[in-house]
*Asks:* 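Sharing a structure with you now.
Any value given below was found using the heavy atoms of this structure, including those in side chains, with hydrogens, waters and symmetry copies removed. In the text below, chain A, chain B and the rest are named by the order of the sequence lines, each starting its count at 1.
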Amino acid sequence: MATATIERLIGKSIKRREDPRFITGRGTYVDDVKLPGTTHAVFVRSPHAHARIKKIDTTAAAKHPGVVAIFTGKDMTGVNSLPCGWLLPDLKVPPHMPLASDAARYVGDPVAVVIAETEDAALDAADKVKVTWDVLPAVSATDKADARTSAQIHEVAPSNVAFKWQIGDAGAVDTAFRNAARVVKKKIVNQRLVANPMEPRACLARYDAATGDLTLWVTSQNPHVHRLLMAAFVLGIPEQKVRVIAPDVGGAFGSKIFLYNEETICSWATRQIKRPVRWTSTRREAFQTDAHGRDHVTEAEMGFAADGKIVGLRVKTIANMGAYLSTFAPAVPTYLYATLLNGVYTIPAIHAHVTGVFTNTTPVDAYRGAGRPEAAYLLERMIEAGAAALKMDTVEIRRKNFIPKFDNGFQTQVALNYDSGNYAAAFDKLLRMLDYRKARSDQEAARKQGRFLGIGFSTYIEACSIAPSKVVGSLGAQAGLYESGKVRVHPTGGVTVYTGSHSHGQGHETTFSQLVADELGIPMEQIEIVHGDTGAIPFGMGTYGSRSASVGGTALLMSLNKIKEKGKKIAAHLLEASPGDIEYANGQFQVKGFPGKAVPFGQVALTAYVPHKYPEGLEPGLEETSFYDPSNFCFPFGAHACVVEVDRDTGQVKVLRYLAVDDVGNVMNPMIVDGMVHGGIAQGVGQALCEGAVYDEGQLVTGSMMDYALPKADMLPMYETDRTVTPTLVNPLGVKGAGETGTIAATPAVMNAVVDALAPLGIDHIETMPLTAGRVWSIMKSAKR
Amino acid sequence: MYPAAFDYHAPTTVKDALKLLGKLDDAKLLAGGHSLIPMMKLRLAQPKHLIDLGKVKGLGGVKEEKGVIVVGAMTTHWEVESSKVLKAKVPVVSETAAVIGDPAVRNKGTIGGSLAHGDPAADMPATAIALGFEFVCEGPKGKRTVKVDDWFKGLMETALKDTELLTTIRIPVWAAGSGACYMKFPHPASRFAIVGVCAAVTLDKGGVCKKVGVGVTGAGTRAVRAKTVEAALLNKPLDAKTIEAAAQKAADGVDVQADLQGSVEYKSHLCRVFARRALEAAVKRAQG
Ligand SMILES: Cc1cc2nc3c(=O)[nH]c(=O)nc-3n(C[C@H](O)[C@H](O)[C@H](O)COP(=O)(O)OP(=O)(O)OC[C@H]3O[C@@H](n4cnc5c(N)ncnc54)[C@H](O)[C@@H]3O)c2cc1C
């Protein structure tokens, strides 16, 4: 029987299968899960940045109508500290109890939970919980945390230092700087950000007293990680008695990786009161308690030869950890940051020293890009500052320093080994799109009219497809970072895929279906993707670090290959041929070269489950599971450009053009990748121009959408985007990862453009973001020229 | 987050609303709810009673009466933005309403609510000052009319008494040869005005300024009239130089407040920039 060649779906902009349910309001988010008898939790939180708890009086609250139970930290006996999942040498790990009972260490630190029949009863009762505080001095500024006069936050961490860590060759940098024509030194502040996914965090915990099973619905990017950390490490419940479900999740940007106090407390409480317990974060709580991102204060020095070649880089960073160590916090400013300081440039000597400090602020952990944006920002700011110092063009200085094209491996000075890269090619393409010469002459013309136009670049690299387990294990990770993929073929030829990856905006139901459809030659409608339920999927590590297509997709591909191999044996038997002579093409198993001698996929599936005519010794059924542990990270790269105009009257920055050429390896669904790039750029522009969490004496003064400015559509021009494609050899799909490139690249491009716009005033650097109009105006006003 | 518990009342006449207001302890009037309810949800406001004006007859509508446009207090920002009468007679009022918040806010929020609330960063107060709105209040002792210059008293404080209702807003129609413009520098997060300036001018045939009004909002604790700016313009031909010089005084009577968006110096500067821009546009319009 002859079949027409089936159209391949990989590489096509297939519309997202999940969107109809989302845009018609029929998704199932945690807060949509309704269970009979549910109670509602409201947390009593510290209004102080730092205060000893002298007494918690719950008498009045307990009498409030509708209250079911009130717990404080003292009630939670036998419960352990929330764990830190990444250990560095000499890391100080202070206890982080789900409910603080000795002292509160940031505004929002929970000290009691009120559980009631309704949410409003719980809220009213929570108002009646009387906490007697002994207010202590607080410290929130990153660069003041280790000062002798600062408040001491944890006994185990003298001077509030969580760790001191270094990488690279300090001696080599000293030597390089001694011989450098010029060493440029700048202070670089990478401000604190709040992730702000659209859906706030939420959880619903149900203990079944009859079976002893605990089910937790939670907004998680990695339900198995949540289960392992919470059940095994904190609550001491056997994992097999716990099921964690992360249903539809409305965005995360990293903030839903971590194990938080609230789901842990609700999971513990449901076992006490034997009723389901729900909590849904308010936006205000989200600002105060979702792990924040970034928050570095850095001194960077970059040495140059007279011709503009970089000879060395020295970096000293203080990274704010917040009040406690969040799940993966120590990894972010170390292994996800300093190992990227080689960038896309040949830098012969690098040394980075990082001090992690505790402050009376919300814990800081991974936020979209996590460490890599901080590295890219530093490098891109420094190379343009170098260009200014050497009076070189910003394009020329980059061209001088790019690592030349390579296909399989480049060893950096800071541990990583890049997979493949062609940095100049992406940059050249960008310059053509921009029409660089014309852009510069437009700028000149504008300057003559007294207008401040600026052009900024960013040529970045990032490390994603996180990550090889052995490597991260040797670096302190307390987990492996492989991924699982299980393929179940049903007797009628339908396919259900169980992936350890988790989609919270990424569109896995579409891209993974495209992969299965292509590999098996069956229509997408025949394929279901299941994720986010530890009761259904094999142990998996979840989604972050742009790893789903490359790591999760490869695990899935491995299972598909196993399915085909087994199918060949079944088909060979049916066709009375040898398995070695069978090939799989266009949805059928056929004798090589004889498409007429074939059995379709569905028939093989049926035979696997009704094995009447079946190969001797072969197991019935058609279901395969694979775990893929990558051999290396993948390293997407690209070049972005931004053209801005600064209003000299107001300091307002207007982005006139934004251009991006990204190289994320092979692209599975261009529309979805474009969406990732667009959103990422918006967030990167947001960091440069408007976002920033500000503390004043430990009080979060940007604690709502009225004060904390997310980027809005009218701040952004129509993007001009394109790609180059340099496949990775790390995984068989050749995909690198596309989830974070925009946030990594955009911030420096915008900042560089603004600095360039202000160059006529003699400005070659700006220390602090975001560039609110007021800040830009002050910079212009205090400029020398 | 849920607000604290309260009792809800929905009178249908001004008289009943006033009666409830007089009788109930710790009651608040509810108009569009777009200032009050957010504060209640944060539990910054916890009134025991809400008196909803939504069902009260006679508080809506826009009509012209002898050179004055009479706008009911419960007229929504969207109705103000799209009203044919307002667009024809005092377009700057519609334009001001059009830059308040977003469509959801404008569909619920009311002109009366905004002006009664007196938020220091609200937009309409600047325009109210520039044009010279009048406020008709009704209380237990009957009606009284308050001029705009007596209206904005302080931070979220107006001349309105606890026992009164703002029922109507009277907007004078300026003579032929007038032009007005509201210019706003929005806060990047809230989109309220960091600074907003409304300027209105009447020019005679020779281009001399015969009447002028300049209101400044956002920068201080309340919206104010820029008296020195007005004085520098009145009876002068409004060329660029005169405007520039006058605009330099735009922050004079403003108790400018520093915050994350800028220093006192910066916001004072913004007052001047936006006064100039609003004046330039107003003059252009007056010139036809
Ligand atoms: C997201 C958001 C963005 C916003 N952006 C802007 C903006 O850019 N610019 C701007 O100017 N405003 C903005 N606002 C505020 C909005 O315009 C409000 O609608 C307005 O300030 C209050 O009007 P309201 O009808 O909603 O009044 P309510 O919130 O119902 O009441 C406000 C106060 O006024 C009192 N009150 C209301 N009506 C009367 C009356 N007739 N008589 C006596 N007292 C009365 C109430 O008792 C209450 O104290 C925004 C609001 C939100 C939620």
*Asks:* Hey, which of Arg277(B), Glu265(B), His269(B), Gln261(B) has the most heavy atom pairs under 4.5 Å with chain A?
*Replies:* His269(B)
*Asks:* Any salt bridge linking Arg272(B) with Asp649(A)? Criterion: basic side-chain nitrogen under 4.0 Å from a carboxylate oxygen.
*Replies:* no
*Asks:* Quick check on Asp696(A) against chain B: is it the side chain, the backbone, both or neither that has a heavy atom closer than 4.5 Å?
*Replies:* neither
*Asks:* Does atom CD of Glu697(A) have more than 12 heavy-atom neighbours from other groups under 6.0 Å away?
*Replies:* no
*Asks:* Are Arg775(A) and Leu260(B) close enough that some pair of their side-chain heavy atoms sits under 4.5 Å apart?
*Replies:* no
*Asks:* What residues of residues 183-201 of chain B sit under 4.5 Å from chain A when only non-hydrogen atoms are counted?
*Replies:* Phe185(B), His187(B), Pro188(B), Ala189(B), Ser190(B), Arg191(B), Phe192(B)
*Asks:* Heavy-atom distance under 4.5 Å to chain B: side chain of Thr702(A), backbone, both or neither?
*Replies:* side chain
*Asks:* Enter the distance from Leu42(B):CG to Arg283(A):CZ here, rounded to the nearest 0.5 Å.
*Replies:* 13.0 Å
*Asks:* Just wondering, do Gln46(B) and Asp127(A) contact through their side chains at under 4.5 Å, heavy atoms?
*Replies:* yes
*Asks:* About how many Å separate CG of Asp124(A) and OH of Tyr2(B), when rounded to the nearest 0.5 Å?
*Replies:* 11.5 Å
*Asks:* Looking at Asp707(A), Thr282(A), Leu123(A), which has the largest count of heavy-atom pairs under 4.5 Å with chain B?
*Replies:* Leu123(A)
*Asks:* Are more than 12 heavy atoms from other residues, nucleotides or ligands located less than 6.0 Å from atom NZ of Lys34(A)?
*Replies:* yes
*Asks:* For chain B, which of Thr650(A), Asp120(A), Thr772(A) has the most heavy-atom pairs under 4.5 Å?
*Replies:* Thr650(A)
*Asks:* By salt bridge (Lys or Arg N to Asp or Glu O under 4.0 Å), which residues pair with Asp259(B), not counting sequence neighbours?
*Replies:* Lys267(B)
*Asks:* At a heavy-atom separation under 4.5 Å, does Arg276(B) approach chain A through its side chain, its backbone, both, or neither?
*Replies:* side chain
*Asks:* Flag the one option from Arg284(A), Lys712(A), Glu285(A) with the top tally of heavy-atom pairs under 4.5 Å to chain B.
*Replies:* Lys712(A)
